[in-house]
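This report refers to the structure that appears directly beneath it.
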Amino acid sequence: MQNHMKQADENPLISISNLCHRFPDGTTALNGINLEIEKESFTVIAGKNGSGKTVLMKHLNGILAPTSGTVSVCGIDVKKDPWNARRRIGFVFQNPDTQIVAQTVRDDIAFGPENLGYGRTETAETVNAAATAMDISHILEHSPHRLSGGEKKRVSIAGIIAMDPELIVFDEPFTGLDYSGVKILLKKMLEVHKNGTSVIVITHDLEKVLAHADRLIILSGGNIVADGDPGKLLDTAKEHELRIPSGCEINRMSWLR
């Protein structure tokens, strides 16, 4: 696969300054967000429904534009250069069906590299590497529409890692998966991170993944109400109606343990 696009300077991967977003009906979704995400980090962003989690993430590559404030990726304003952001940041959406664009798994994974201008040989090598990483080489000729929910998730992740982003955002990744599916997906997410890719997991269900995070950010009403070491924020998480098993220690908050 291609190497990440590296910046020579020390800019954070993402820098957000005074970000506000209001919908056309006047509803404020984000209210003055200030946030930096460092390279090779593993961040969980949590909050109940309507807290602003997904709205915040959609500003990272220009899916949504700020009402005011700025979002930069590696020092470059997303509004001025959305291509830079979309090259560096990949999204795995809650419903993988929204990301399926082709009739075979192979062509679906190839879609991103082809749009980035990879040649035929390079695209084929990249697709094979991404499929191997996600353990889906045996279904490359299958229709992605006929796969299980867990398989579709892995296809969507393969399509993202084939573009070699510096950050992958997983939006409620465990929705609709059974116990086995959650374990498989979580293992793959951790492998992606171990290989040097930053990870953001958006979730309201902390017990499956929080043990692996180095940072927890809690949103409520479009504001960051807590940001720091996950082990020190469990009481705050409960105060904001996030599910945490009673008496559960931070190092046991993973479905891989």
Side-chain angles (χ1 to χ4, degrees), residues 10-22 28-61 63-64 66-75 77-78 85 88-92 94 165-174 186 189-190 192-193 196-245 248-254:
E10 295 301 318
N11 285 312
L13 180 54
I14 295 169
S15 181
I16 298 172
S17 179
N18 297 316
L19 175 63
C20 295
H21 188 87
R22 285 189 297 276
T28 298
L30 299 173
N31 186 25
I33 299 292
N34 292 287
L35 180 64
E36 290 187 350
I37 301 291
E38 298 299 332
K39 295 165 185 173
E40 300 187 14
S41 57
F42 192 120
T43 304
V44 170
I45 298 182
K48 63 182 182 179
N49 290 340
S51 62
K53 305 185 300 294
T54 300
V55 175
L56 174 60
M57 290 302 100
K58 286 183 176 179
H59 284 78
L60 298 188
N61 66 359
I63 296 174
L64 291 176
T67 303
S68 61
T70 60
V71 179
S72 298
V73 176
C74 292
D77 192 321
V78 173
R88 295 177 185 270
I89 299 174
F91 276 77
V92 178
Q94 181 173 342
E166 292 182 52
L167 166 69
I168 299 180
V169 180
F170 296 87
D171 189 3
E172 298 289 358
F174 308 118
L186 180 54
M189 289 165 58
L190 295 176
V192 166
H193 180 243
T197 303
S198 297
V199 168
I200 292 177
V201 180
I202 301 173
T203 185
H204 63 278
D205 193 359
L206 299 177
E207 69 168 302
K208 296 181 175 70
V209 67
L210 195 58
H212 306 289
D214 47 53
R215 184 180 183 187
L216 172 62
I217 298 169
I218 301 174
L219 265 65
S220 180
N223 296 285
I224 295 176
V225 295
D227 180 359
D229 183 335
K232 297 178 180 178
L233 295 178
L234 296 185
D235 288 341
T236 304
K238 292 176 185 176
E239 292 171 6
H240 289 278
E241 302 178 34
L242 296 168
R243 293 200 300 267
I244 294 178
C248 188
E249 298 178 356
I250 186 70
N251 63 1
R252 297 190 60 81
M253 293 182 68
S254 168

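Everything numeric in this text was worked out from a predicted model, so none of it was measured.
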Practice prompt. Please work out which of the three classes, parallel, tilted or perpendicular, describes the rings of H59 and H21, given edges at 30° and 60°.
Written response: perpendicular
How long is the straight-line distance from [atom2] of [Y] back to [atom1] of [X], given to the nearest 0.5 Å?
X    : Y    : atom1 : atom2 : result
I14  : L167 : CD1   : CG    : 4.5 Å
F174 : L186 : CZ    : CG    : 5.0 Å
F170 : I200 : CZ    : CD1   : 11.0 Å
R215 : S41  : CZ    : OG    : 7.5 Å
M253 : H212 : CE    : NE2   : 10.5 Å
N31  : S68  : CG    : OG    : 9.0 Å

Shortest non-hydrogen contact between [X] and [Y], atoms and distance:
X    : Y    : result
G32  : C20  : N-SG, 3.2 Å
L233 : G228 : CD1-N, 3.5 Å
L60  : V78  : O-CG2, 3.5 Å
L234 : I244 : O-CD1, 3.6 Å
N61  : A85  : CA-CB, 3.8 Å
L30  : G52  : CD2-O, 3.6 Å

Worksheet item: Do D171 and F91 have side-chain heavy atoms sitting under 4.5 Å apart?
Response: no
Worksheet entry | Side chain proximity check, L13 to C74, heavy atoms < 4.5 angstrom | yes
Item to complete: Please say whether more than 12 non-hydrogen atoms of neighbouring residues, nucleotides or ligands are located less than 6.0 Å from CZ in R22.
Response: no
Worksheet entry | Atom NZ of K232: over 12 foreign heavy atoms under 6.0 Å | no
Any donor-acceptor pair under 3.5 Å linking the side chain of [X] with the backbone of [Y]?
X    : Y    : answer
K53  : G47  : yes
N18  : G69  : no
D205 : T203 : no
S15  : P12  : no

Worksheet item: How about D77 and T70: does a side-chain donor come under 3.5 Å of a side-chain acceptor?
Response: no
Fill in: Pair E241-H204, side-chain donor/acceptor within less than 3.5 Å
no
